[in-house]
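Protein chains get the first letters and strands the later ones, always in sequence-line order, with residue 1 at the start of each.
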Amino acid sequence: MTLQANFDPHAQLRALYQALLSNQDCFDEFKRLLALYEFDPEGRDAESSEASSIRKTLNERIRNWVGASFEGLSANQTLQWRAIIVEERFNVSLSPWKESNTY
Amino acid sequence: MTVHDLIDELYAAFADRLGDPIGARARDLPRALKLAPEPDLPWSRVFSHEVTLGAPALFAEAMPGLPSSMVREATLVHLLAVVDAFGTDRLEDQQIDPSPGVLAVLGQLRRERDRAMARLFRGPPPADLDFSAADVLTTSAIHRERATLLSARSVDVTFYERASLDKQCAGLVASVALARVAGWDRRRCIAVRKTLESVALGLQMYDDVVDWEDDLRRGGSWAVCLMMGERRPGVAGDRATEGASIRIQVLHSAVLGTMLVGALAHMRAARRRASALGAFRLAAWAASRERRLEALVSAERRSAGYAVRAHALAAWAGEVLA
């Protein structure tokens, strides 16, 4: 599956968002690769070769989904995505009996 | 003053009246219940929907001339009742430890809730608005839910909705009480209750869709139980299996879409009743939820699991794509 993306970084992120929204397989693979990505930017200057390899694989997969022009996620962007998708740190809205938002 | 401001003011005053150290524990209750990541967050930051903790204040729009003191008392009753029910659920479900501090705060919540109710009615409340019955029903519903989810047995929508409403029954009392003291007749008081029941079911069904995998990891998911209930006997077994297989089964069963359709129907009913009662702010909120659910139902039909993914990506989309 390839979605249309152009060189506008915002449009590229929107294309990635649409790919993740519309396809369970893309979402699952994205989440699985993010879960494997481990890098503590405060503990060291550069990501390990293993982390770099995972990010490279992740970006290749994203290009398959949204098009070859996708610039790729930086280390910081990958960490941000990981915080949202894997660690679920940013979903804090609640309704009366929502039980999943535990800290 | 917004409803959220009123909620925070009422709870802060309640905590101040308790005095420290229990007042400090009351202020930190959202974190103690594992609903907030940091200390002393106001309830308005924990619950995004005004109706959750401020329902009576929203119905008060339809009761012109009612003294603001009555609206404040009813909102305090509602706020404390819902927070107590939340805490009870966390304790009964063993999601938090029954620390003496939490138990003491919940006890104070119930006492102040009952005192505020007595002030609202200038005496003991009518038997059908006494919280003792609601407390018993809430606890029994929490136990029934736990047993059902752990067994992963099949249920139908009627069972699911009854279980959900029983668990949330404490959140219906204060708004009906306010309608009663405002002089509303029986028919309109029933309409208030039914409006809130629809709101509760609409929100609950949506949450049970977007959190179904998290719920399953914690012990059980209503989506799985409802999927089992939709199966014809003898078709594909009568028990769900584990892991990836169960996810495929849920996605292929379209049960998530069915639950979203249910949520949409309830939110539509809430909007219509709130509008007919003159609670236009509540009706407008329900209408916005209705539009969101319509979009999700449509997308879920096109791509199973859409609502779960949209929820997972919502915070990011709000920050980056807005």
Side-chain angles (χ1 to χ4, degrees), chain A residues 1 3 5-6 8-35 37 58 62 65-66 70-74 76-103, chain B residues 30-31 33-38 41 45-49 51-53 82 85-86 89-90 93 95-96 145 164 167-168 171 199-200 202-204 206-208 210-215 217-218 244 247-248 251 299 302-306 308-321:
Chain A
M1 181 194 71
L3 297 178
N6 60 27
D8 175 1
H10 196 264
Q12 291 185 345
L13 286 174
R14 185 172 289 279
L16 172 58
Y17 174 65
Q18 287 300 333
L20 296 172
L21 263 186
S22 60
N23 191 297
Q24 186 70 43
D25 291 338
C26 292
F27 185 87
D28 289 343
E29 187 171 8
F30 188 68
K31 186 171 182 176
R32 184 181 63 79
L33 288 167
L34 285 174
Y37 185 75
L58 178 66
I62 294 172
W65 304 331
V66 305
F70 187 79
E71 284 186 335
L73 298 177
S74 68
N76 275 338
Q77 286 174 317
T78 307
L79 283 174
Q80 287 166 4
W81 272 107
R82 184 189 153 93
I84 294 166
I85 303 294
V86 179
E87 297 158 20
E88 300 179 359
R89 274 202 265 137
F90 295 102
N91 279 331
V92 292
S93 66
L94 288 163
S95 56
W97 292 102
K98 191 181 190 74
E99 296 169 348
S100 64
N101 291 80
T102 54
Y103 295 91
Chain B
R31 187 173 64 159
L33 296 180
K34 296 186 178 177
L35 291 166
E38 51 194 77
L41 268 185
R45 296 277 307 280
V46 177
F47 296 100
S48 59
H49 304 305
V51 68
T52 302
L53 294 181
V82 172
F86 238 115
D89 183 55
R90 293 284 203 227
D93 246 7
Q95 294 179 56
I96 58 166
E145 177 185 64
S164 179
K167 193 169 106 166
Q168 301 184 73
V199 167
L203 289 173
Q204 180 72 65
Y206 168 79
D207 284 345
D208 287 340
V210 298
D211 292 333
W212 81 267
E213 285 187 282
D214 289 336
D215 293 341
R217 276 192 286 275
R218 271 199 305 275
R247 168 196 256 203
I248 292 168
L251 294 181
R302 289 196 304 272
S303 175
Y306 182 100
V308 178
R309 299 192 296 275
H311 178 70
L313 295 166
W316 179 87
E319 287 288 322
V320 179
L321 299 181

Exercise. Is it the backbone or the side chain of B/Leu53 that comes under 4.5 Å from a heavy atom of chain A, or both, or neither?
Worked result: neither
Exercise. If you count heavy-atom pairs under 4.5 Å with chain A, which of B/Gly171, B/Ala299, B/Ser303 comes out on top?
Worked result: B/Ser303
Exercise. From B/Arg302 CZ over to A/Ser22 OG, what is the distance, rounded to the nearest 0.5 angstrom?
Worked result: 9.5 Å
Exercise. Can you name the salt bridge (Lys or Arg N to Asp or Glu O under 4.0 Å) partners of A/Arg32, sequence neighbours left out?
Worked result: none
